[in-house]
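Throughout, numbering of the chain's residues begins at 1 and tracks the sequence. Hydrogens, waters and symmetry mates play no part in the numbers below; they use all other heavy atoms, side chains included.
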Amino acid sequence: MSFAIVAEPLLGVYKGHIGDGQPDPLPSPARLHAALLCAAAQGVRAVAEADGLRPCDADRDALRWLEANPPDGIAVPQTLRNGGAATAYRKEGLVVKEGRNPLSDKLIGKPAVRGVAVTGRFAWTWEQSPPEPVAAALAELCPEVPYLGTSESPVLLSVVDAEPTHRLDREADLFTGDGLDLAVAVTGRVDALEAAHRAASSPPPLKADAHRSSERTEPPPVATASLTIGRYSQPQPPPSPTPWASALLFPLERPIPPESRVRCAVAVHRTLIALVGDGAPAILTGVYEAGVPRPANRCAIQFLGPGAPAVGGAAAVLLLLPREASDVDLALIRIAAPRLRVVRVASGPFSVGVPVEVPADRFWPEPAAGTERWWQTDPVAVPDTRPPRGGRWSLADAAALSVALVWRQEISALGRGDARYRALAEAAAGRGVRVQSAVRVMDGDVGRYVHRVHPDTLIQPYRAILGLGDLTGPRTIAAIGQSRHLGGGLLVPVDLPADIARRMVR
């Protein structure tokens with residue numbers, strides 16, 4: 001059962017500062033802890049001790065529970081920071097210096113505490129409720145907190161339901177990932193703040209309190225003991241649906257050389273169509289009636305060498321089944337596929353084993369620890385279109401466009417023709433697609449890498465390493481480019497060390 005403490009800024013503003021006076025963008029878990037301790041020690045629940053007050057035992061236990069259990073999540077509303085540079089002038093009740101005007105008040109200016117406009121509520125959440133006495137104490141303490149940050153940002157604090165926008169990443173370090181790095185109170189924070197309060201409240205020695213001709217205000221030191229930094233990150237959105245739903249994996253008696261994959265894929269394609277017979281679905285043949293909308297992806301035939309991580313040391317041919325296919329079309333293909341035994345090509349027939357079906361989003365193994373998964377075109381990819389007219393266009397742009405065309409259901413763009421192609425490439429970049437090391441393959445026989453293309457298309461086989469951003473998960477199998485349905489543009493994993501991958505993204 002979840003538990004949450006919610007702070008509603010009554011004026012729609014949060015004001016606070018940290019460190020040497022920098023604006024605080026949002027109240028941290030440590031600030032919540034300090035505000036609750038202040039309420040416990042000075043509010044109606046405080047108990048008398050000597051000539052002062054202290055938190056009652058129930059409140060002290062609740063605060064120590066907070067130290068041992070940092071919030072599992074926080075909710076941060078939309079905010080807008082005041083970027084002004086106002087100066088606040090105030091009289092500090094001090095004499096500037098003795099002389100002609102000994103009673104002159106000291107009027108000084110300091111940068112005003114800038115606020116943050118808030119459109120909702122802050123919240124600190126826990127996945128499990130605390131013990132009942134702790135929950136009851138916190139529920140009683142919350143209304144005693146008058147403000148968070150400065151006194152200019154009053155709040156209404158309460159224990160109610162809330163959903164976090166950021167979750168605590170317990171494995172985060174300073175060198176990986178991103179999120180909100182916030183101060184969190186840990187064991188001993190109550191003792192540290194109480195000791196700091198006693199030190200600030202104690203009268204100074206007579207010598208230190210002696211009259212001087214010129215004085216300055218000395219703010220008490222900031223207590224930093226028993227604080228740590230917690231990384232709160234937004235959960236990653238679920239990846240987009242995979243272009244192909246699953247892959248039929250056929251073991252091969254021998255590997256197919258990269259330069260022969262397109263021709264062999266064409267042979268497999270023709271054999272499969274013959275096995276299905278009359279009524280072979282368009283997602284397999286690629287032949288659609290006039291006026292029938294074409295899906296982004298059809299059945300794709302790809303080859304893997306014996307070194308591929310997904311085939312266990314044997315070569316294989318893959319039949320990728322598109323997600324947009326109907327159940328009837330898929331059933332026809334699945335019935336015919338096991339009868340694929342021999343494929344005849346000019347260089348000699350090759351045998352095919354019994355297929356197994358693997359989900360497309362769980363095809364490749366997980367990335368190695370400490371690495372980020374990128375992808376390499378195998379053997380090469382071919383741009384889907386000629387370069388758009390007008391303006392710069394690179395192989396990297398062509399690769400980004402090819403990715404956008406494969407994930408057409410997730411990436412859309414307005415316009416037509418060249419304008420749409422450019423918009424699609426930019427939209428892919430907006431989803432985190434990054435292309436590195438795009439190099440054209442200088443080969444006189446481009447027929448090795450492509451079967452058929454539009455007459456206007458300039459055939460430029462290229463190799464590239466690319467990241468797919470948030471379009472898909474690290475285990476998804478996919479292919480890009482003009483020949484992605486027949487032996488080209490397969491994306492195979494490349495696990496790069498995390499520091500190298502970050503430099504490539506910059």
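Classification of Asp327 and Arg334 as a salt-bridged pair fails, no side-chain N sitting under 4.0 Å from a carboxylate O.
Within 6.0 Å of OH on Tyr421 lie no more than 12 heavy atoms contributed by other residues, nucleotides or ligands. Around the CZ atom of Arg362, the shell of radius 6.0 Å holds no more than 12 heavy atoms that belong to other residues, nucleotides or ligands. For Arg254, the CZ atom counts as densely surrounded, since its 6.0 Å shell holds more than 12 non-hydrogen atoms of other residues, nucleotides or ligands.
Looking only at side-chain heavy atoms (C-beta outward), Asn297 and Leu320 stay at 4.5 Å or farther from each other. Considering only heavy atoms from C-beta on, Asp72 comes within 4.5 Å of Arg170 through its side chain. Phe363 places none of its side-chain heavy atoms less than 4.5 Å from the side chain of Trp244. The closest side-chain heavy-atom distance from Phe3 to Asn69 is not below 4.5 Å. Thr271 places none of its side-chain heavy atoms less than 4.5 Å from the side chain of Val342.
Taking the six-membered ring for Trp and thresholds of 30 and 60 degrees, Trp65 and Trp126 have ring planes inclined between 30 and 60 degrees apart.
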Legend entry - Residues Asp378, Arg261; criterion salt bridge (charged side-chain N to carboxylate O under 4.0 Å, His left out); working and verdict: CA-CA 10 Å; Asp378 180 50; Arg261 290 181 181 177; 3.0 Å; yes
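Residues that satisfy the side-chain hydrogen bond (donor to acceptor under 3.5 Å, both in side chains) test with Asp24, not counting sequence neighbours, are Tyr14, Arg31.
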